[in-house]
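These notes are about the structure you will find just below.
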There are 2 protein chains.
Amino acid sequence: MLSAKMEDYLKAIYELQRESDEPVATSRIADLLDVTAPTATSMMESLAERGLVEREKYKGVRLTPEGETVALEVVRHHRLLETYLTEELGYDWAEVHDEADRLEHHISEEFERRVAEMLDDPAVDPHGDPIPTDALDPVDETAGTTLVEATEGDRLVVQRVSDRDPEELAYLDEAGIVPGTELVVEEVAPIGVVSVALADGEGTVSIPDAVARTIFVDATDGSTGSATEAA
Amino acid sequence: MLSAKMEDYLKAIYELQRESDEPVATSRIADLLDVTAPTATSMMESLAERGLVEREKYKGVRLTPEGETVALEVVRHHRLLETYLTEELGYDWAEVHDEADRLEHHISEEFERRVAEMLDDPAVDPHGDPIPTDALDPVDETAGTTLVEATEGDRLVVQRVSDRDPEELAYLDEAGIVPGTELVVEEVAPIGVVSVALADGEGTVSIPDAVARTIFVDATDGSTGSATEAA
DNA sequence: CTTAAGCATTAGATTCGTCTAATCCCACTC
DNA sequence: GAGTGGGATTAGACGAATCTAATGCTTAAG
Ligand SMILES: [Mn+2]
Ligand SMILES: [Mn+2]
Ligand SMILES: [Mn+2]
Ligand SMILES: [Mn+2]
């Protein structure tokens, strides 16, 4: 019923929407999907006509409940596929995003069901992203804080990292920073870099803000707790 | 580079081409893909322009070597996927065709490689269809004879059945007729039905010509050998 | 209150895959 | 060697998704 393209736009809006409460601007969508602004505008008109987004001209769009359901379905496919490719087909977690990004639009509900079953209904994907349930209930995508918001001395556990950039993922993997890794914040330098020590004694890693912003962390027991406050 | 649609047309031509040496008629392609004749004509023009088919107006088309390579790649994807879905995801062999028919256009070469490896480079899919090798060497799709060409008393082994019709597959499965099944031809009725007895004593099955034409068989040792002669 | 910069939208065009309606070939029948 | 029936092609149009170029809002600065 919906084209793969429309699904892509809805997923993009879903992802942008979790960055703030503002309506999502046309240009952000165009950027993310690598199309021109007029293209995004005209797609927003179609989506609005179908009741999948609410649109205020010159302001931006927001997913309607129906639009969010479609987005959640696509996101569920994406994250289940990433998990499946990693667990069952031996993909590296850095490689799975593009494959999942194509297949997410073409698998059947039957395929989704069987994969979920084989993986025993996983709650998170290899990057720590939460997998929407079969019922497509809204998911809290903003749980936790990001590493840029941490302060020196914080003891943290990595919860999730962005799955977008394979190079970044490969680097983090190499450095030993994956969901579940415990680390201590050594320095938050004012020039835009955060240095963390791996809790298992594997050394120190310096992470630029742009990357730190995509790493979600939780305080471990015994922390100051500052990591749970917003910046 | 090539659209999924173009791949579909090339695969369709590949499949029709193995039914005879004649060029493939536009109307056959249109029928198979469920489009109108002008649509098929115009796609044939595009494919000819790209050097993927050789076209003689009002006669039909034939795959060029390049076109055949593309078709073989798609067919390899299709049959590997069918095998994978059956072996690893627990699909029934009657259900896999449609899923494979969509995914075949969207998996990466990496996915293909990993699936082939996991399955240990299978030579045939669940329906007995030969899987083209990684090198995409031409495959003999017409090996063996079909059940309509059999004569009474022939002892045969089922080699392959068409994967197109899930109902037919479910029926044959139910009846115990799968690749590897041994059977004896009891009667070839002039009204267009073939009756066969299952060699393992599981009774007799009557198969209409239309279906028998899609079941490929080989003679077992001790047969009259007539099944290996063309009709 | 005015203006200009910076987004966003409108206008108009293109490509792909598809359709219906009209026309055209070709091969077979007489 | 016509004539005709049936399949194939041409003609013309359309929706989806995209682009470039032109125009239009909004807003923040003055
Ligand atoms: Mn996608
Ligand atoms: Mn992910
Ligand atoms: Mn297909
Ligand atoms: Mn098959």
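Residue numbers begin at 1 in each chain, while the letters A, B, ... track the order of the sequences.
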| For Ser206(B), side-chain hydrogen bond (donor to acceptor under 3.5 Å, both in side chains) partners two or more places apart | Ser195(B)

| field | All side-chain hydrogen bond (donor to acceptor under 3.5 Å, both in side chains) counterparts of Asp34(B), not counting sequence neighbours | value | none

| task | Taking side-chain hydrogen bond (donor to acceptor under 3.5 Å, both in side chains) as the test, write out the residues that go with Ser3(A), two or more places apart. | result | none

| said: Going by ring pair (Phe, Tyr, Trp, His ring centres under 6.0 Å), name the pairs with one or both residues in residues 85-104 of chain A, residues two or more places apart or in two chains. | reply: His78(A)-His97(A), Trp93(A)-His127(A)

| request: Round to the nearest Å and state the distance from Arg28(A) atom CZ to dC7(C) atom P. | output: 12 Å

| field | Residues touching DNA chain D, which here means a heavy atom under 4.0 Å, drawn from residues 17-26 of chain B | value | Ala25(B), Thr26(B)

| When you check the phosphate oxygens OP1 and OP2 of dT9(C), does a side-chain N or O of Arg55(A) lie under 4.0 Å from one of them? | yes

| task | For the pair Thr39(A) and Thr36(A), evaluate side chain to side chain donor-acceptor pair (under 3.5 Å) and give the outcome as yes or no after the intermediate values. | result | CA-CA 5 Å; Thr39(A) 301; Thr36(A) 60; 3.0 Å; yes

| task | Please name all residues satisfying side-chain hydrogen bond (donor to acceptor under 3.5 Å, both in side chains) with Tyr9(B), sequence neighbours left out, ordered by chain then number. | result | none

| query | When we call it a touch if two heavy atoms are under 4.0 Å apart, what does Ser27(A) touch: a base, just sugar-phosphate, or nothing? | reply | sugar-phosphate

| query | For Ile29(B) and dT9(D), what is the distance between atoms CD1 and P respectively, to the nearest whole Å? | reply | 9 Å

| message | How close do Thr26(B) and Ala37(B) get, counting heavy atoms only, and between which atoms? | response | CG2-O, 3.7 Å

All N/O contacts under 3.5 Å from nucleotides 23-25 of chain C to the protein, with atom names and distances to one decimal?
none

Tell me which donor-acceptor pairs under 3.5 Å the side chains of residues 46-61 of chain B have, and how far apart each pair is, sequence neighbours excluded?
residue	atom	partner	partner atom	Å
Ser46(B)	OG	Ser42(B)	O	3.3

Distance-only donor-acceptor hits, side chain of residues 65-74 of chain B, under 3.5 Å, sequence neighbours excluded:
residue	atom	partner	partner atom	Å
Glu66(B)	OE1	Thr64(B)	OG1	3.3
Thr69(B)	OG1	Pro65(B)	O	3.0
Glu73(B)	OE2	His77(B)	NE2	2.5

| request: Return no unless some side-chain N or O of Lys57(B) is found under 4.0 Å from OP1 or OP2 of dT10(D). | output: yes

| Test side-chain contact (heavy atoms from CB on, under 4.5 Å) applied to Asp21(B) - qualifying residues, sequence neighbours left out | none

| query | Can you check the Glu45(B) CD to dT18(C) C1' distance for me, whole Å? | reply | 14 Å

| For atom CE of Met44(B) and atom C1' of dG17(C), their distance in whole Å | 12 Å

| Which residues share a side-chain contact (heavy atoms from CB on, under 4.5 Å) with Ala116(B), sequence neighbours left out | Arg76(B), Leu80(B), Asp121(B)

| query | Reading nucleotides 13-20 of chain D from the 5' end, what letters show protein touch, with B for base, S for backbone sugar-phosphate only, - for no heavy atom under 4.0 Å? | reply | ----SBBB

